[in-house]
Amino acid sequence: MERQLFAWGANSYGQLGLGHKEDVLVPQALKDVSCECQDIASIAGGGGHSAVTTGTGQLFVCGHNKDGQLGLNHTEDVLHFTLCTALSGFCVKQVACGWDFTIILVESGLVLSCGSNSFGQLGLPQISSPCLIPQKIESLKEKVVNVAAGLRHALAATGLEDVKVKAVAAGSYHSVSLTDEGHLYVWGSNKHGQLVSRDIFLAEPKKIDTQCFSHEKIGAVWSGWTHLVAQTAVGMGRNEKPVVCWITEAGKVFTWGRMDYGQLGRQVVVPSGQQSTASEQSLELLCNIPGLVPCLNGASQCLKYVVLSFGQYKAKAAAAFALWNLPLPGQVIHESEGMYSDTFFEKKEKQQSHLHSAALSAVPPYRPVRDLI
């Protein structure tokens, strides 16, 4: 089946790559893409810009470019995905987009960055003004295997003391790392319980107890602005079938952190059974511990790459909309379909005016998860 690139949401800077700046309420396929969709390896999104990498190591970018975050040596917004020619001598392995900056990992293990450096997020202390062309971060002496970008900070994984780091992810003010042993370490802001701790802030990495994940090892982790998603490793903890594609029968999906936009993709149940009268504070406390997303248990999706970009406002609700096939703002979420029913959704949905998402899909958008089981 032919793969297509879909984009939707806020488009104030042309970050959807559709050639205009009008918001898009329903996923639209990009018809004028500089690179072949069949060759797209990954997608990433920042506050108002987007980036895709190809299997041949090229980087294509579009959207907001006020601080040179597209690495194109100018500051004009770009409405179509455009090749970053400044990286022609490199084979791009991964890209991470922050609010107004971009972090690029190349095959050799080197890391480059461009965009705003107002908080030192580029790792380039010699540059005070916006960086319009990707520059090598000289202070990273070891070979980097994974990168991530938060609101105004960046991460590069080479190792965590005696622990071998497999991947890193970043939210607005928190960070998370996944080790080869399948353990998660978190640090930073814990304002919304996303660090599974009673402390409001963690200055050093802290391991999340495996009991939170039914003692199964974690195989992948993603971070929204203020919430986290983790998938248990395939074949660990149970005798299940091997990997089929993105989420397999052996993987469980856990979510935790902020929940007031339905971004956890699950119903929050108050132990007393009085959910209808539970206060907002009580519901938030229940989201400080990783919980299973029931509708994804045993699911097997034919989506090889589903990548969410991270829009402008608060809670990364757009990530939940794409990941769990949840409705867009303004549509109804039905409990009967196994999705999260948000008590506070209606009064806050109008605030979500600056979100955008992208997904590389092998199936039509909005196909219910249950149809893929």
Side-chain angles (χ1 to χ4, degrees), residues 7-24 30 32-34 42-53 58-88 92 94-105 111-137 147-155 170-173 224-225 307-316 318-319 351-358:
W8 64 98
N11 195 31
S12 304
Y13 307 103
Q15 61 264 47
L16 300 185
L18 294 170
H20 59 77
K21 292 187 177 182
E22 299 296 322
D23 293 350
V24 177
L30 276 72
D32 183 17
V33 185
S34 302
S42 68
I43 318 170
H49 68 293
S50 305
V52 300
T53 64
Q58 293 181 308
L59 176 67
F60 290 82
V61 292
C62 68
H64 199 24
N65 196 33
K66 178 182 177 182
D67 295 295
Q69 54 263 57
L70 301 186
L72 301 177
N73 199 25
H74 64 75
T75 57
E76 298 296 321
D77 293 346
V78 177
L79 306 186
H80 294 280
F81 279 103
T82 302
L83 176 66
C84 182
T85 56
L87 297 170
S88 58
V92 178
Q94 183 192 358
V95 61
C97 297
W99 183 260
D100 50 13
F101 67 100
T102 305
I103 304 295
I104 303 142
L105 173 63
V111 179
L112 300 93
S113 60
C114 59
S116 172
N117 198 33
S118 56
F119 292 86
Q121 60 265 53
L122 297 187
L124 305 170
Q126 72 278 14
I127 296 179
S128 57
S129 58
C131 181
L132 308 186
I133 299 177
Q135 300 292 320
K136 176 184 174 183
I137 302 179
V147 294
L151 181 68
R152 295 185 177 94
H153 73 287
L155 302 173
S172 55
Y173 296 105
W225 232 223
V307 184
L308 306 312
S309 49
F310 304 110
Q312 295 180 9
Y313 194 63
K314 286 187 178 180
K316 301 295 112 217
Q351 300 174 5
Q352 306 174 56
S353 59
H354 301 291
L355 297 170
H356 71 284
S357 299

Residues that His153 engages under side-chain contact (heavy atoms from CB on, under 4.5 Å), provided they are two or more places apart
Leu155, Ala170, Ser175

[atom1]/[X] to [atom2]/[Y] distance, rounded to the nearest 0.5 angstrom?
X	Y	atom1	atom2	answer
Ile43	Ser50	CD1	OG	9.0 Å
Leu87	Cys114	CG	SG	7.5 Å
Leu70	His49	CG	NE2	6.5 Å
Asp67	Ser116	CG	OG	4.5 Å
Thr102	Leu112	OG1	CG	11.5 Å
Phe101	Arg152	CZ	CZ	9.5 Å

Report, as yes or no, whether the 6.0 Å neighbourhood of atom CD on Gln126 holds more than 12 heavy atoms from other residues, nucleotides or ligands.
yes

May I have the list of side-chain donor-acceptor pairs in residues 129-137 shorter than 3.5 Å, sequence neighbours left out?
from	atom 1	to	atom 2	distance (Å)
Gln135	NE2	Ile133	O	3.3

Please give me the minimum heavy-atom distance between [X] and [Y], naming the atom from each residue.
X	Y	answer
Gln15	Gly48	CB-O, 3.1 Å
Trp99	Trp225	CE3-CZ2, 3.8 Å
Gly123	Pro125	O-CD, 3.4 Å
Leu151	Ser172	CB-O, 3.2 Å
Ala154	Gln121	CB-O, 3.8 Å
Gly14	Leu79	CA-CD2, 3.7 Å

Decide side-chain contact (heavy atoms from CB on, under 4.5 Å) for Val61 and Gln69; before the verdict, give the C-alpha distance in whole Å, the side-chain angles of both, and the deciding distance to 0.1 Å.
CA-CA 9 Å; Val61 292; Gln69 54 263 57; over 6 Å; no

Side chain Gln58, main chain Leu83, donor-acceptor under 3.5 Å:
no

Under the 3.5 angstrom rule, does the side chain of Asn11 hit a backbone N or O of His20 as a donor-acceptor pair?
yes

Report the C-alpha distance between Ile104 and Ser113 in whole Å, list the side-chain angles of each, state the deciding distance to 0.1 Å, and finish with yes or no for side-chain contact (heavy atoms from CB on, under 4.5 Å).
CA-CA 6 Å; Ile104 303 142; Ser113 60; over 6 Å; no

Determine whether His74 and Asn65 satisfy the following criterion, side-chain contact (heavy atoms from CB on, under 4.5 Å), listing intermediate values before the conclusion.
CA-CA 8 Å; His74 64 75; Asn65 196 33; 3.4 Å; yes

Assign the ring pair His64 / Tyr13 to parallel, tilted or perpendicular, where the plane angle (0 to 90°) is split at 30° and 60°.
parallel

Sequence-distant partners of Lys21, salt bridge (charged side-chain N to carboxylate O under 4.0 Å, His left out), two or more places apart:
Asp77

